[in-house]
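Following: one structure in structure tokens, then a few remarks.
Here is how names work: the chains are called A, B, and so on, in the same order as the sequence lines, proteins then strands, and each is numbered from 1.
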Amino acid sequence: VEGVNALGAGDGDAALVRAIAAGDRRAYAAFYDRWADGVFRFCDLRLRDGEAAADACQEVLLAVWRGAAGYAGEGTVAAWVFGIAHRKVADALRRAGRLPPAGDPGAVDETADAEDPMRAADARLDLRKALARLPSAQQEAVLLAYGFGLSCAEVAAATGVPEGTVKSRLHHARRALAREVGR
Amino acid sequence: LNCPEARALIPWYPGPTLSDGERAGVVLHTVSCAACRAELVATVVEAEGIRALVAAEPRPPAALREVVLGVQDRDWRQAVAAVLPPVARAVLEPGRVLPQWLRRLLPA
């Protein structure tokens, strides 16, 4: 998927969310078609479990339908949607015992080293494995910023932390990735 | 820009965070600074790699669209039925095809 911001979403997405808040079902179908791929891929990369990712994706997209009226339009739609995805993924990780109950953002995912042999031939394997080994919050920051094209302010809004924390997480994530892939 | 200033901006060179002026400042600095130029190149390559990783992810199951839009349709019918007089609610039962005259009266 292209970074969602790279799709030129912006005003078009905000208008869709306003229409959804007014009960427009066609606007919701259009929103689904624009966002389902990105939301699912984010959930799948974070959870590394297609079934759990589909469940989380469904929860995120239904939360958009049910909560569109709560979108105040102050931040971008990307920050709002990925904020919902951030919380749904955290819930799923916690249920699976992959995050401590307190939601320690620095917690390392202990299942991260599990290797999927089907991907062994993939040239992106090293990066994927390195990404999977990052602490959860760092992984999320680098995915949102580089994988989905969110700005620093949007990542901060989506993950509920100050921009300085996002910068720090990205910095540490990049150092760890560079070590892992032998840069 | 000096090196510390450039290094603070370079991680955000990919993406929409930096202003045009900041981006130009980074590029200008890297013309004369090989270390920061290498860091900029590595950052861009890394961001492209993450982006490619996301692009290579599978799409959601095709059935998910039907499930999500089905739940949304049920929600919508319940919400509309809640504001209709009892005699009119039956036409909004899930799965029932609404007559055209009624569809025109209801929100899309």
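Put simply, the side chain of A:E154 does not reach to within 4.5 Å of the side chain of B:T17, judged on heavy atoms. Proximity of A:V64 to B:Q72: side-chain heavy atoms (C-beta onward) are nowhere separated by under 4.5 Å. Side-chain atoms of B:V68 and A:Y28, non-hydrogen and from C-beta on, do get closer than 4.5 Å to each other. With contacts defined as side-chain heavy-atom distances shorter than 4.5 Å, the pair B:V54/A:Y146 does not qualify. In this structure, the side chains of A:R174 and B:E39 come closer than 4.5 Å at one or more pairs of heavy atoms.
Of all heavy-atom pairs between B:P61 and A:F40, the closest is CD-CE1, 3.9 Å. Shown here for B:W12 and A:V166, the closest heavy-atom pair between the two residues is CH2-CG1, 3.7 Å. Heavy-atom minimum distance, A:R41 versus B:A55: NH2-O, 3.8 Å. For the residue pair A:A54 and B:L64, the shortest heavy atom distance occurs at O-CD1, 3.8 Å.
Neither the backbone nor the side chain of A:A153 comes within contact range of chain B; no heavy atom of the residue lies under 4.5 Å from a heavy atom of that chain. Interface residue A:L45: backbone and side-chain heavy atoms are both found under 4.5 Å from chain B.
For CZ of B:R23, the number of neighbouring non-hydrogen atoms (other residues, nucleotides, ligands) closer than 6.0 Å is greater than 12. In the displayed structure, A:R66 atom CZ is contacted under 6.0 Å by more than 12 heavy atoms of other residues, nucleotides or ligands.
Distance NZ/A:K167 to CG/B:L9: 8.0 Å, rounded to 0.5 Å. B:E57 contributes atom CD, which lies 11.0 Å from atom CG of A:D37 (distance to the nearest 0.5 angstrom). Between the CG atom of B:L53 and the CG atom of A:D126 there is a distance of 11.0 Å, given to the nearest 0.5 Å.
Note on B:I50 and B:V45: separate hydrophobic clusters, where clusters join Ile, Leu, Val, Met, Phe, Trp and Tyr whose side-chain heavy atoms are under 4.5 Å apart, directly or indirectly. Clustering ILVMFWY residues whenever any of their side-chain heavy atoms sit less than 4.5 angstrom apart, transitively, puts B:V27 in the very cluster that holds B:L18. A continuous path of hydrophobic side-chain contacts links B:V44 to B:V26 [ILVMFWY only; heavy atoms under 4.5 Å].
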*Would you sort out whether A:D33 and B:R65 count as a side chain to side chain contact (heavy atoms under 4.5 Å, CB included), showing the intermediate values?*
CA-CA 8 Å; A:D33 291 337; B:R65 189 178 195 277; 2.7 Å; yes

